[in-house]
Every structure is written in structure tokens, then in C-alpha cells.
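Ligands are counted one by one from 1 in listed order, and the atoms in each one are counted from 1 as well. One is the number of the first residue; the rest follow in order along the sequence. Here the structure is a predicted model, which is why all the values come from computation and not from measurement.
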Amino acid sequence: MKRVVVFTGAGMSAESGIRTFRDSDGLWEEYNVMDVATPQAWEKDHLLVLDFYNKRRKQVMEASPNAAHEALARLEKKFRVDIITQNIDDLHERAGSTAVLHLHGEIRKSRSSRYPNLVYDVDGWEIKSGDVCEKGFQLRPHIVWFGEMVPEMDRAIMITRQADCFIVIGSSLEVYPAASLVDHAPEEIPKYLIDPKAKTLDHISHLEVIREKASLAVPELVDKLLSNDV
Ligand code: NAD
């Protein structure tokens with residue numbers, strides 16, 4: 001079975017009503033990301049950080065997968081599909097995709113602020129100050145913040161190197177190291193970049209750039225791959 005690897009960014013979920021921050025002048029739902037998405041922010045004001053992510057969690061729970069998420073789930077009828085996402089929402093899973101790697105964490109999970117391996121599902125939409133792990137330490141969002149290591153990066157590179165087809169959807173390719181993933185796709189395989197504001201990537205071979213919204217372009221591409229192979 002051929003392997004399709006799909007790398008998604010915030011643009012994937014934009015049409016589900018979850019805003020990207022690059023499209024809104026560096027603000028993410030009215031917050032400066034550096035005030036809420038760094039280890040320093042957590043040290044300085046953990047209530048503000050919890051509040052920000054609680055609001056994001058509530059918004060994600062109220063959102064639904066869009067036609068692009070659903071189309072990617074259909075690809076599994078014919079291909080082995082790995083989704084590597086920068087998104088912290090769970091819309092790929094809810095659309096039915098079965099292999100989803102979250103590079104930047106998962107909003108619907110919490111983890112111990114002292115023991116990173118203690119990870120839990122969040123019950124409801126809030127993590128409160130005073131909610132603790134089994135060893136008694138405050139829970140934080142299970143999110144990779146700016147300035148933190150991306151623990152799943154090596155696995156993502158390994159998967160990307162095995163791709164027979166590589167698709168990038170809704171990513172400005174500006175947040176590193178995730179954005180460097182595209183450089184690890186085998187040179188000779190077909191690649192697609194779907195983003196209305198896609199930049200030109202002259203150094204990537206066999207790349208088709210589709211400057212169109214995900215909800216339109218992804219179902220079309222999926223239909224093409226299902227009927228013609230990669
Ligand atoms: P990004 O760097 O992935 O850029 C977003 C891209 O999406 C832009 O290039 C934009 O042109 C494109 N886009 C906008 N609407 C689109 C559409 N309808 N179809 C296809 N493409 C579209 O993402 P970012 O906003 O710069 O965020 C960076 C990081 O912030 C992410 O990697 C993630 O960790 C976090 N984030 C996550 C979510 C989420 O989970 N849904 C939302 C915002 C930010």
C-alpha cells in the first residue's frame with residue numbers, strides 16, 4: 001500500500017472557525033502569543049496561560065471537522081495515510097483519520113508541570129489552578145510552547161522519509177523546526193502545497209502549488225489520488 005504523508009497547519013482548521021494567528025497580525029484570538037505560549041509566560045502568570053488555553057479548548061470542542069478533514073479520512077480507503085499536524089485541535093481524529101501525529105501537542109490533554117510523561121485527557125473544557133497530577137504538581141496544557149523541544153520531530157522526519165506522496169495543507173511554513181519537514185520528503189515523489197497564500201518553494205522538486213482554500217482543494221486532490229493513484 002502506498003504511503004501518503006500529509007502535513008497540516010492552522011489553515012487546515014480555519015474553515016472550522018479556528019483562527020490562524022499569522023492571518024491576524026501575530027495575534028491569536030486577541031492575545032500576543034508570546035504572552036501565553038512560552039515557558040516564561042507560564043512562570044510569570046499561569047492563570048493567564050490556563051485561561052487562554054481553556055478558551056481555545058472550549059472553541060475546539062464547539063468546532064466540527066470541515067470538508068478537508070473529511071476528505072483526508074477518505075484517503076485511507078486506498079492508501080496508508082499519516083497525518084503530521086502542527087494543530088493542537090482534534091479535528092483530524094474526529095473526521096476519522098486514524099494515524100495522527102501532533103507535533104505541537106493536544107489541547108484536549110493536560111500534563112504534569114513537573115513530570116512530562118504524566119499526560120491526561122482533560123475532563124470538560126477547563127484546567128483550573130489547583131488541578132494536579134497524581135504526584136501533586138499543577139497540570140499544564142499538553143502543548144509544545146515556543147522555545148520548547150518538539151519531542152515528536154524525529155518520528156515525523158522518519159515518517160516523511162518513507163512517503164510516496166507528500167501533501168502540505170494550510171501552513172505558512174514559518175514555524176520551525178516543523179516547517180523543515182518538507183525538506184525531508186524524498187526528492188522524486190509528487191508533492192502538493194495547498195494554501196491560498198502559499199509562498200514559492202523553488203528548492204522543492206516535483207511540487208504542485210495549489211493557491212486555494214483547503215475545503216475546496218483537498219477534496220479535489222483526494223478524488224484525484226483515489227482515482228489515479230499517486
Ligand atoms: P501556520 O504557520 O500553519 O499558517 C497558517 C497558514 O494557513 C497561512 O499560510 C494561511 O495562508 C493558511 N490558510 C488560511 N486559511 C486557509 C484555508 N482556508 N485553507 C488553506 N490554508 C489556509 O499557522 P499559524 O497560524 O502561523 O500557527 C502556527 C502554530 O500555532 C501552529 O503550528 C499551531 O501550533 C498553533 N495554532 C494551532 C491552531 C489549531 O490547532 N487549529 C490554530 C492556530 C495556531
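Residue I18 has no N or O atom closer than 3.5 Å to an N or O atom of ligand 1. At a 3.5 angstrom cut-off on N or O pairs, G170 counts as close to ligand 1. At least one N or O atom of H104, backbone or side chain, sits closer than 3.5 Å to an N or O atom of ligand 1. Checking only distances, M12 never comes within under 3.5 Å of ligand 1, N or O to N or O.
Proximity of S13 to ligand 1, defined as any heavy-atom pair under 4.0 Å, is confined to the side chain (atoms from C-beta onward). Contacts with ligand 1 closer than 4.0 Å are made by heavy atoms of both the backbone and the side chain of Q86.
Scanning the protein for heavy atoms near atom 29 (C) of ligand 1, the closest one is F21 CE2, 3.7 Å. The protein non-hydrogen atom at the shortest distance from atom 35 (C) of ligand 1 is W28 CH2, 3.7 Å. The shortest contact between atom 4 (O) of ligand 1 and any protein heavy atom is with S172 N, 3.1 Å. The protein heavy atom nearest to atom 12 (C) of ligand 1 is D195 OD2, 3.2 Å. Looking only at heavy atoms of the protein, atom 14 (C) of ligand 1 is closest to D23 OD2, 3.1 Å. The protein heavy-atom contact nearest to atom 40 (O) of ligand 1 is I88 N, 2.8 Å.
Between the CZ atom in R140 and the CZ atom in R114 there is a gap of 13.5 Å [rounded to 0.5 Å].
A salt bridge links K58 and E62; the closest N-O separation between the charged side-chain nitrogens and carboxylate oxygens is under 4.0 Å.
Selection from K199, H102, E15, K197 by nearest heavy atom to atom 18 (N) of ligand 1 gives E15. Here atom 13 (N) of ligand 1 lies nearest to G11 when heavy atoms of A178, A68, A214, G11 are compared.
Closest approach of Q59 to G17, counting heavy atoms only: NE2-O, 3.6 Å.
For ligand 1, the atoms lying closer than 4.0 Å to a non-hydrogen atom of G9 are 3 (O).
Residues Y115 and E134 have side chains not in contact (no heavy-atom distance under 4.5 Å, counting atoms from C-beta outward).
Note that R56 lies in the cation-pi zone of F52, set by a 6.0 Å cut-off to the ring centre and a 45° limit from the axis.
Proximity of R19 to ligand 1 is established by a heavy-atom distance of less than 4.0 Å.
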